[in-house]
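The sequence lines fix the lettering, A, B, ..., with proteins before strands; numbering per chain opens at 1.
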Amino acid sequence: MPELPEVETTLRGLVPHLSDQTISRIEIRQPRLRWPVPAQIQRLQHATIESLSRRGKYLLMYTDQGHMIWHLGMSGSMRILALDAASSKHEHIKMSFDNGISLRYIDPRRFGALLFVDTDPLLHKLIVSLGPEPLSDNFDTDYLQSRCMKRSTAIKNLIMDSHVVVGVGNIYACESLFLSRINPKTPAGRISRLRLDRLVNAIKQVLQCAIAQGGTTLQDFTRTDGQPGYFSQSLNVYGNKGACPRCAQAVKRITQGQRSTFYCSHCQH
DNA sequence: AAAGACACCTGTCCGC
DNA sequence: TGCGGACAGGTGTCTT
């Protein structure tokens, strides 16, 4: 589910509630997530959260007694609720705090994860190999061009590869290719610098816009206060079964890398 | 090294 | 109303 804007929205929702708060209790109601929740997580009882951040689609929580690496998978979301609020069906983790609030992790499909590390999360093997943040200056035309060189893979698959650039999932890959008017099937190595420059800008623009709107809610995703994200209203092609908003021809749906791709064959070349 | 298939899991929707 | 199948926002791992 969540791509970078949804994770960023989640992070922004958590920060004011969890910063400097001390964990009073950790309940693992269902340890079977993508990887089993490590028993060491209980070492964080009585730990104080020193900072929260995001790297790609991973949420990082630093405490004075070790650190947490979270991933929301396809259907994960987090809520801040009163300590005594009832747990929902797919609430797998409940973390209570001394200030009377609790963090709930809800994830119907259980593709998400919670990991524990003693050392800097940024050095964890899942994180250390990630590509640059798309909204940083490190992600620019020079960089993308260097990663596209000699690559025959379709450009859409390339920009969804977290080792190339983090945070671009299926929705925003489709949307940025639409904005930059590039056919998703184009081999990465055959795209001109000018068009890669447009793509870089489109990715930044789409992600920034989506963050400003609180992410995209299709089914499961909600913000930490339970509100939906509103970027779904701004989608041009993703999930579009009708006409291209630019030229009115039918939006096409194809499969790439076992994922649905939506694009306009008239506007995107 | 790169490309592609598959795995994990539950819920929803659509056609018969 | 029920059932089977396709599909869903991700990504590590395995096989070619």
[atom1] of [X] versus [atom2] of [N]: gap in Å, rounded?
{"X": "A/Ile69", "N": "C/dT11", "atom1": "CD1", "atom2": "C1'", "result": "15 Å"}
{"X": "A/Gln30", "N": "B/dC9", "atom1": "CD", "atom2": "P", "result": "10 Å"}
{"X": "A/Leu33", "N": "B/dT10", "atom1": "CG", "atom2": "P", "result": "11 Å"}
{"X": "A/Met160", "N": "C/dA8", "atom1": "CE", "atom2": "P", "result": "11 Å"}
{"X": "A/Lys156", "N": "C/dG10", "atom1": "NZ", "atom2": "P", "result": "9 Å"}
{"X": "A/Leu126", "N": "C/dG12", "atom1": "CG", "atom2": "P", "result": "6 Å"}
{"X": "A/Met74", "N": "C/dG9", "atom1": "CE", "atom2": "P", "result": "5 Å"}
{"X": "A/Trp35", "N": "C/dT13", "atom1": "CH2", "atom2": "C1'", "result": "10 Å"}

> When only distance counts, do a donor and an acceptor, one from the side chain of A/Arg151 and one from the base of B/dA2, lie under 3.5 Å apart?
Replying inline: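 No, the side chain and the base share no sub-3.5 Å donor-acceptor pair.
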> Taking N and O atoms by type only, does the side chain of A/Arg110 place a donor or acceptor under 3.5 Å from a partner on the base of B/dT10?
Replying inline: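 Such a pair does not exist between side chain and base.
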Below 4.0 angstrom from OP1 or OP2 of [N], is there any side-chain N or O of [X]?
{"X": "A/His71", "N": "C/dG10", "value": "no"}
{"X": "A/Tyr172", "N": "C/dG10", "value": "no"}
{"X": "A/His163", "N": "C/dG12", "value": "yes"}
{"X": "A/Ser75", "N": "B/dG11", "value": "no"}
{"X": "A/Arg259", "N": "C/dG9", "value": "yes"}

> At under 4.0 Å between heavy atoms, what does A/Phe231 touch on the DNA or RNA strands: base, sugar-phosphate, or nothing?
Replying inline: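 Nothing: the residue A/Phe231, judged by heavy atoms under 4.0 Å, touches no strand.
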> NA contact type, A/Lys150, heavy-atom cut-off 4.0 Å: base, sugar-phosphate, or nothing?
Replying inline: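 A/Lys150: no heavy atom of the nucleic acid under 4.0 Å.
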I'd like the [atom1] distance from [M] over to [N], given in whole Å.
{"N": "B/dA5", "M": "C/dC7", "atom1": "P", "value": "14 Å"}
{"N": "C/dC3", "M": "B/dC9", "atom1": "P", "value": "23 Å"}
{"N": "C/dA6", "M": "B/dC6", "atom1": "P", "value": "13 Å"}
{"N": "C/dG9", "M": "B/dC13", "atom1": "P", "value": "15 Å"}

Looking only at side-chain atoms of [X], point me to the closest of [options].
{"X": "A/Arg253", "options": "B/dA3, C/dA8, C/dT11", "answer": "C/dA8"}
{"X": "A/Thr153", "options": "C/dG12, C/dG9, B/dG4", "answer": "B/dG4"}
{"X": "A/Phe111", "options": "B/dT10, B/dC9, B/dC6", "answer": "B/dC9"}
{"X": "A/Ser260", "options": "B/dA5, B/dG4, C/dA8", "answer": "C/dA8"}
{"X": "A/Asn157", "options": "B/dG4, C/dG10, B/dG11", "answer": "B/dG4"}
{"X": "A/Asn170", "options": "C/dG12, B/dC9, C/dG10", "answer": "C/dG10"}

> side chain to side chain contact (heavy atoms under 4.5 Å, CB included) between A/Lys156 and A/Cys174: does it pass, once the steps are laid out?
Replying inline: CA-CA 7 Å; A/Lys156 188 207 176 207; A/Cys174 292; 4.0 Å; yes
> Whom does B/dC13 pair with, Watson-Crick or G-U wobble, provided both distances fall under 3.5 Å?
Replying inline: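 Across any shown strand, B/dC13 pairs with C/dG5.
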>> So, applying side-chain contact (heavy atoms from CB on, under 4.5 Å) with A/Ile159, which one of A/Val164, A/Ile182, A/Ile203, A/Val200 is it?
In response: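 Going through A/Val164, A/Ile182, A/Ile203, A/Val200 one by one, the side-chain contact (heavy atoms from CB on, under 4.5 Å) with A/Ile159 is satisfied by A/Ile203 alone.
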>> Restricting to non-hydrogen atoms, name the atom on A/Ile26 and the atom on A/Gln45 that form the minimum distance, rounded to 0.1 Å.
In response: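 For A/Ile26 versus A/Gln45, the nearest heavy atoms are CD1-N, 4.0 Å.
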> Would you say A/Arg32 has more than 12 foreign heavy atoms packed within less than 6.0 Å of its CZ?
Replying inline: no
> What do you reckon, is CZ of A/Arg190 surrounded by more than 12 foreign heavy atoms closer than 6.0 Å?
Replying inline: no
>> For A/Gln258 and A/Arg109, find the nucleotide of DNA chain B closest to each by heavy atoms; which residue's nucleotide sits nearer the 5' end?
In response: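 This one resolves to A/Gln258.
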>> Pick the closest DNA chain B nucleotide for A/Ser152 and for A/His90 by heavy atoms, then say which residue is nearer the 5' end.
In response: A/Ser152
>> Once you measure the plane-to-plane angle for A/Tyr62 and A/His67, does it fall in the parallel (<30°), tilted (30-60°) or perpendicular (>60°) bin?
In response: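 The arrangement is tilted - the two ring planes meet at 30° to 60°.
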> Relative to each other, are the rings of A/Phe262 and A/Tyr238 parallel, tilted or perpendicular (30° and 60° limits)?
Replying inline: perpendicular
